[in-house]
Amino acid sequence: QVQLVESGGGLVQPGGSLGLSCTASGIIFSMYTMGWYRQAPGKRRELVADLTSRGRINYADSVKGRVTISRDNAKNTVLLQINSLKPEDTAVYYCNADFTNQHYWGQGTQVTVSS
């Protein structure tokens, strides 16, 4: 079956950096748009960044300039590097795979930005 597994979350101080990783199985990874979403308590889930199979990238305005999304199709992995972290970045971060109305979600990884 399809499985997306995130890792790399944790507690970091404001201004710090964090790298998140998502590894997928059970899909033809290279064909999927891969994305990162986040959801803070009491908030709606929102897009952070996504990256299509053709290499087109979309960043949310709230993180543009501070994050980099990348993928390694040979490893079925999508990465999210977040720099200059702010307390408002605190959320559960979810990995998403999407292709022609087929979509899958990971279990999420907690990112907490606090001093």
Side-chain angles (χ1 to χ4, degrees):
Q1 283 291 82
V2 176
Q3 191 172 28
L4 305 179
V5 180
E6 302 100 331
S7 63
L11 175 64
V12 64
Q13 294 186 357
S17 298
L18 208 59
L20 306 181
S21 178
C22 170
T23 299
S25 60
I27 62 172
I28 305 176
F29 183 85
S30 62
M31 298 180 66
Y32 279 72
T33 293
M34 300 300 301
W36 286 95
Y37 292 71
R38 67 186 182 186
Q39 187 168 22
K43 303 293 185 179
R44 299 172 63 88
R45 189 171 299 186
E46 64 177 2
L47 174 71
V48 179
D50 60 21
L51 173 56
T52 73
S53 62
R54 296 287 190 175
R56 194 174 303 275
I57 295 175
N58 181 47
Y59 292 113
D61 289 341
S62 59
V63 300
K64 193 173 182 65
R66 299 189 295 117
V67 307
T68 302
I69 189 171
S70 61
R71 65 193 295 165
D72 186 341
N73 289 340
K75 297 180 179 179
N76 285 13
T77 297
V78 60
L79 306 175
L80 186 73
Q81 179 69 33
I82 316 176
N83 301 320
S84 302
L85 281 158
K86 306 173 180 179
E88 51 263 45
D89 293 320
T90 296
V92 178
Y93 284 69
Y94 296 92
C95 181
N96 171 265
D98 186 273
F99 176 71
T100 315
N101 208 33
Q102 302 179 63
H103 55 92
Y104 304 97
W105 294 94
Q107 83 290 346
T109 185
Q110 176 71 49
V111 172
T112 302
V113 184
S114 176
S115 58

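Contact detail for P14 and S115: the closest heavy-atom pair is CD-N, 3.7 Å. Here the closest non-hydrogen pair linking G19 and Q81 is CA-OE1, 3.7 Å. Nearest heavy atom pair, residue V2 against residue G26, reads CG2-O, 3.6 Å. When all heavy atoms of T77 and S21 are compared, the closest pair comes out as CG2-OG, 3.5 Å.
Looking only at distances, a side-chain donor or acceptor of E6 sits under 3.5 Å from a matching main-chain atom of C95. With hydrogens and angles disregarded, no donor-acceptor distance shorter than 3.5 Å links the side chain of N83 to the backbone of G16.
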Subject >> Residue pair Q39, Y94: steps toward the side-chain contact (heavy atoms from CB on, under 4.5 Å) verdict >> reply: CA-CA 8 Å; Q39 187 168 22; Y94 296 92; 4.2 Å; yes
**OP:** Carefully, step by step, assess T90 and S114 under the rule side-chain contact (heavy atoms from CB on, under 4.5 Å).
**Re:** CA-CA 8 Å; T90 296; S114 176; 5.9 Å; no
**OP:** Could you walk me through whether K75 and T23 pass the side-chain contact (heavy atoms from CB on, under 4.5 Å) test, one step at a time?
**Re:** CA-CA 8 Å; K75 297 180 179 179; T23 299; over 6 Å; no
Original post:
Run the side-chain contact (heavy atoms from CB on, under 4.5 Å) check on D89 and L18 step by step: do they pass?
Top reply: CA-CA 11 Å; D89 293 320; L18 208 59; over 6 Å; no
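Just one of Y37, Y93, Y59 meets the side chain to side chain contact (heavy atoms under 4.5 Å, CB included) condition when paired with V48; it is Y93.
Here Q3 contributes atom CD and N76 contributes atom CG; the two are 12.0 Å apart, rounded to the nearest 0.5 Å. Between S84 atom OG and I82 atom CD1 the span is 11.0 Å, to the nearest 0.5 Å. Note that CG of N96 and CH2 of W36 are 10.5 Å apart. Values are rounded to the nearest 0.5 Å. The OG1 atom of T33 lies 12.0 Å from the CD atom of Q102; values are rounded to the nearest 0.5 Å. In this structure, CG on L85 lies 6.0 Å from OG on S17, to the nearest 0.5 angstrom. Within the model, atoms CZ of R54 and OG of S30 stand 10.5 Å from one another, a figure rounded to the nearest 0.5 Å.
Linking ILVMFWY side-chain heavy atoms closer than 4.5 Å, directly or via other members, places M31 and F29 in a single hydrophobic cluster. In terms of hydrophobic clustering, with Ile, Leu, Val, Met, Phe, Trp and Tyr side chains grouped at heavy-atom distances under 4.5 Å, I57 and V78 are assigned to a common cluster. Each of L79 and I69 belongs to its own hydrophobic cluster when Ile, Leu, Val, Met, Phe, Trp and Tyr are linked at side-chain heavy-atom distances under 4.5 angstrom. Under the 4.5 Å side-chain heavy-atom criterion for Ile, Leu, Val, Met, Phe, Trp and Tyr, V67 and L47 are members of distinct hydrophobic clusters. Under a hydrophobic clustering in which Ile, Leu, Val, Met, Phe, Trp and Tyr are joined whenever their side-chain heavy atoms come within less than 4.5 Å, directly or via other members, V92 and L80 fall into different clusters.
Counting only heavy atoms from C-beta outward, the side chains of V113 and K86 never approach each other to under 4.5 Å.
Cation-pi check for R71 over Y32 is not met; the charged atom does not lie both under 6.0 angstrom from the ring centroid and within 45 degrees of its normal.
I28 CD1: 12 or fewer foreign heavy atoms inside a 6.0 Å radius.
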